[in-house]
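Down below is the structure, laid out as structure tokens.
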Amino acid sequence: MPSRRDALSAGLLLSGGLALAPSAGAAAASSGVRSGTGAGPGTASTLTTPAGLVVETTGGRVRGYERRGIATFKGIPYGADTGGEGRFLPPRKVDPWPGTRLCLVPGAICPQAGEGPSASPMAFLNPGTPSVESEDCLNLNVWTPGTGAGTGKRPVMVWIHGGNYSTGSSLAIRATDGEALARRGDVVVVSVNHRLNALGYLDLGALGTDPDFAASGNAGMLDLVLALEWVRDNIAQFGGDPGNVTIFGQSGGGLKVTTLCAMPAARGLFHKAIAQSGSIRQLFGREMTEPLARGLLSQLDVQVDNLRQLQSLPLAQVQAAAQAAQGQWFAKAKPGEIWHLVGWAPVRDGAIIPADPYSAQGRALSADIPLMVGTVRHEFCLTMFTLEAEKRTWADLREGIGAAFRDPAPLIAAYRAAHPEEKPVGLQAMMSADSFNRHNALEQARGQSAAGGAPAFLYRFDWITPQFDGAPRAYHCSELPLVFDSLDIAPEAAGTGPRAKAMAANAADAWIAFARSGNPSHAGIGTWAPLSSPQDAATMVFDDTCRMERQNTDLIARMRDHALWL
């Protein structure tokens with residue numbers, strides 16, 4: 001019997017919404033797949049042939065669709081169902097399927113606790129894609145200018161979605177659709193779904209009672225490793241170069257990129273890394289994860305010597321227990337711990353993840369991986385939650401940060417002197433970003449520079465969206481439609497005006513150049529210098545006019561030192 005997924009695919013096909021063959025004009029222009037010469041950003045790509053829309057993978061044949069010269073394959077399984085007997089265990093390769101699988105619509109995403117519709121501008125600026133939740137969620141999407149191993153070795157860009165380690169999906173933000181980026185840069189773009197929250201990060205291994213569950217605290221990260229193995233084994237058939245793979249992710253995706261850099265199992269599966277607003281200094285130890293695991297078991301009345309029982313319980317029951325256990329865990333947080341208690345997250349277990357990414361041991365694993373890392377100027381700007389924040393005064397700012405920072409008055413004065421153009425709400429957003437996101441990105445870049453094996457490129461996005469009269473400023477996620485050159489797909493975030501198009505060109509071409517060669521410099525932004533020493537802070541500032549700056553890291557250090565919540 002056909003699956004619901006295949007029925008959806010067939011329905012789309014019959015509706016005429018997707019093309020399974022190139023246009024007549026394209027057929028006249030090209031007698032086959034393109035040669036893939038590896039030309040730079042902006043290179044025009046010919047369309048794939050009808051035969052190029054069926055690709056043989058290690059799991060079986062898949063069929064995609066073509067639109068505007070890009071062959072798209074959505075929901076390709078790379079791993080077996082993680083429900084039932086697979087719950088909380090390491091991922092397994094997908095069982096091969098017979099015939100040709102239609103890969104025309106997004107695959108299922110990992111089940112997660114939904115927050116419901118949001119009245120915040122964030123929901124408008126970052127619209128998502130409707131999705132179905134299932135534990136059978138190990139699937140990925142591929143966008144390519146041409147399929148077949150003979151079509152050239154294109155750089156491969158593997159997108160890892162955000163949402164911390166608990167929520168999100170490969171297309172949770174529509175701006176991260178890879179079609180436009182693949183077309184612009186003649187690259188192959190891949191995005192991945194994997195296990196999240198307790199399903200991906202419940203550390204039953206901390207209990208030491210059943211070796212089968214020893215890796216459960218890092219199951220979600222092992223899913224990503226399996227996806228990268230799929231890329232290694234299959235991406236040449238999609239026109240990509242398995243020897244030139246860049247992983248990139250934003251927010252929680254940046255955290256996952258950083259974590260992969262510290263995993264021996266991921267060694268050799270990627271060759272460049274980009275962490276966007278998601279650098280992490282240290283991972284959980286088992287003193288953090290064990291109480292959370294015991295709390296979940298207590299909620300379910302499951303004994304530590306009977307962990308297999310967790311695999312037969314209804315998913316809704318497990319999820320409810322996970323939320324309750326996490327709530328109790330948060331409630332026990334000590335002052336100064338709250339930013340470390342981010343909920344479900346990977347664990348530094350000494351085996352799958354031997355050491356923190358920032359430690360000397362962790363950095364050694366990725367010392368030869370060129371790194372691009374940065375943040376946006378205002379990150380979690382309060383205007384994303386209420387436009388009334390524009391009316392905040394300097395007195396409101398002092399009151400707002402008084403509980404978070406020791407002796408805030410001189411800090412505010414120093415920031416006002418350094419950034420006289422900022423309103424109180426903008427300055428508060430900058431101070432918050434500098435004390436956490438910016439500080440961590442700087443430390444990650446400097447750590448890579450200290451390792452000495454590959455360059456580290458630091459950036460900051462200062463470009464202010466024209467939406468809502470610029471009130472959201474350079475907000476968390478604001479660079480996504482620019483990096484993906486997806487303004488036409490997701491015009492809500494930045495519009496489609498000349499400013500946005502020029503910024504998208506400069507941003508996307510930098511990401512593409514880095515994926516191609518390990519150096520993000522290009523004609524639009526000029527030379528982007530890497531950090532020259534572990535003390536350097538050379539930063540490419542993305543704005544209407546892009547520029548290199550040596551930023552004032554003393555202010556960032558003061559913010560970090562005065563923060564009471566770290």
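Keep in mind that what you see is a predicted model, and the values were worked out from it rather than measured. Residues take their numbers from the sequence shown, with the count starting at 1.
- Of the candidates Val373, Ile160, Leu371, Ile160 is the only one forming a side-chain contact (heavy atoms from CB on, under 4.5 Å) with Val257.
- Taking 4.5 Å as the limit, every side-chain heavy atom of Leu171 sits out of range of all side-chain heavy atoms of Ser131.
- Side-chain atoms of His378 never come within 3.5 Å of backbone atoms of Tyr475 as a donor-acceptor pair (strictly under, hydrogens ignored).
- Of the N and O atoms on the side chains of Asp536 and Ser533, not one donor lies less than 3.5 Å from an acceptor on the other residue.
- Rounding to the nearest 0.5 Å gives a distance of 12.5 Å between CD1 of Ile525 and OH of Tyr459.
- Gln319 contributes atom CD, which lies 6.0 Å from atom CG of Leu199 (distance to the nearest 0.5 angstrom).
- When side chains are defined from C-beta on, Arg473 counts as touching Lys423, because their heavy atoms get closer than 4.5 Å.
- Between Arg460 and Glu379 there is no salt bridge, since no side-chain nitrogen of the basic residue lies less than 4.0 Å from a carboxylate oxygen of the acidic one.
- With hydrogens and angles ignored, the 3.5 Å screen pairs a side-chain donor or acceptor of Ser486 with a backbone N or O of Ala175.
- To the nearest 0.5 Å, the span separating CG on Asp561 from CZ on Arg406 amounts to 8.0 Å.
- For the residue pair Gln361 and Ala355, the shortest heavy atom distance occurs at OE1-CB, 3.5 Å.
- Atom CG of Asp485 is separated from atom CD of Glu179 by 11.0 Å, given to the nearest 0.5 angstrom.
- Residues Arg560 and Glu443 are not paired through a salt bridge, judged by the lack of any N-O separation under 4.0 Å between the basic side chain and the carboxylate.
- The closest donor-acceptor contact from the side chain of Ser432 to the backbone of Gln428 lies at 3.5 Å or more, if one exists at all.
- The two residues Leu202 and Ser216 have their closest heavy-atom pair at O-OG, 2.6 Å.
- Considering only heavy atoms from C-beta on, Leu196 stays 4.5 Å or farther from Ser166 through its side chain.
- Inter-residue side-chain proximity for Leu480 and Trp159 is flagged as met; some heavy-atom pair is nearer than 4.5 Å.
- Between the side chain of Gln448 and the backbone N or O of Ser366 there is at least one donor-acceptor pair closer than 3.5 Å.
- In this structure, the side chains of Leu296 and Gln299 stay at 4.5 Å or more apart for every pair of heavy atoms.
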Report the C-alpha separation of Leu224 and Ile247 in whole Å, then their side-chain angles, then the decisive distance to 0.1 Å, and conclude whether the side chain to side chain contact (heavy atoms under 4.5 Å, CB included) test is met. CA-CA 10 Å; Leu224 291 173; Ile247 57 173; over 6 Å; no
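- Side-chain atoms of Leu411 and Met559, non-hydrogen and from C-beta on, do get closer than 4.5 Å to each other.
- Between Glu549 and Arg377 there is no salt bridge, since none of the side-chain N atoms of the basic residue sits less than 4.0 Å from a carboxylate O of the acidic one.
- Met540 approaches Thr527 most closely through the heavy-atom pair CE-O, 4.0 Å.
- In this structure a side-chain-to-backbone donor-acceptor pair under 3.5 Å is missing from Gln250 to Gly162.
- Residues Ala494 and Ala500 share a closest heavy-atom pair of O-CB, 3.5 Å.
- Residues Arg184 and Asp509 are paired through a salt bridge, judged by an N-O separation under 4.0 Å between the basic side chain and the carboxylate.
- Residues Asn141 and Ser170 have side chains that bring a donor and an acceptor to within less than 3.5 angstrom of each other.
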For side chain to side chain contact (heavy atoms under 4.5 Å, CB included), just list the numbers for Asn440 and Ile280, CA-CA rounded to whole Å, side-chain angles, deciding distance to a tenth of an Å, and then say yes or no. CA-CA 6 Å; Asn440 286 351; Ile280 188 168; 5.8 Å; no
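- Between atom OG1 of residue Thr393 and atom CD of residue Glu399 there is a gap of 8.5 Å, rounded to the nearest 0.5 Å.
- No side-chain donor-acceptor contact under 3.5 Å links Asn519 and Ser517.
- Although no hydrogens or angles enter the test, the distance criterion places a donor-acceptor pair under 3.5 Å between the side chain of Arg363 and the main chain of Gly447.
- Around atom CG of Asp469, no more than 12 heavy atoms belonging to other residues, nucleotides or ligands sit under 6.0 Å away.
- Looking at Asp434, Val541, Leu458, Leu442 one by one, the single match for side-chain contact (heavy atoms from CB on, under 4.5 Å) with Gln551 turns out to be Val541.
- Formation of a donor-acceptor pair under 3.5 Å by the Lys272 side chain with backbone atoms of Ala515 is found in this model.
- At distances below 3.5 Å, not a single donor-acceptor pair connects side-chain atoms of Arg348 with backbone N or O atoms of Ile353.
- The line from OG1 of Thr258 to CE of Met263 is 13.0 Å long, rounded to the nearest 0.5 Å.
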Would Trp528 and Phe514 count as a ring pair (Phe, Tyr, Trp, His ring centres under 6.0 Å) here? Give the steps. CA-CA 11 Å; Trp528 182 343; Phe514 181 78; 8.1 Å; no
Which is it for Phe248 and Met372 under the side chain to side chain contact (heavy atoms under 4.5 Å, CB included) test, yes or no, and what are the steps along the way? CA-CA 9 Å; Phe248 69 127; Met372 209 166 90; over 6 Å; no
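- A donor-acceptor pair under 3.5 Å is absent between the side-chain atoms of Ser169 and the main chain of Ile109, judged by distance alone.
- Residues Arg281 and Asp356 fail the side-chain proximity criterion, which asks for heavy atoms closer than 4.5 Å.
- Ring centroids of Phe380 and His476 are separated by less than 6.0 Å, placing the two rings close together.
- At least one side-chain heavy atom of Ile274 sits less than 4.5 Å from a side-chain heavy atom of Thr246.
- The two residues Ala490 and Pro481 come nearest to each other via the heavy atoms O-CB, 4.5 Å.
- The aromatic rings of His194 and His161 lie parallel to each other, their planes meeting at an angle below 30°, with 60° marking the opposite boundary.
- A side-chain donor-acceptor contact under 3.5 Å links Trp511 and Gln276.
- At distances below 3.5 Å, at least one donor-acceptor pair connects side-chain atoms of His562 with backbone N or O atoms of Arg558.
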Derivation and outcome, side chain to side chain contact (heavy atoms under 4.5 Å, CB included), residues Trp463 and Leu482: CA-CA 10 Å; Trp463 191 82; Leu482 307 172; 3.8 Å; yes
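- Contact detail for Met221 and Pro346: the closest heavy-atom pair is CG-CG, 3.8 Å.
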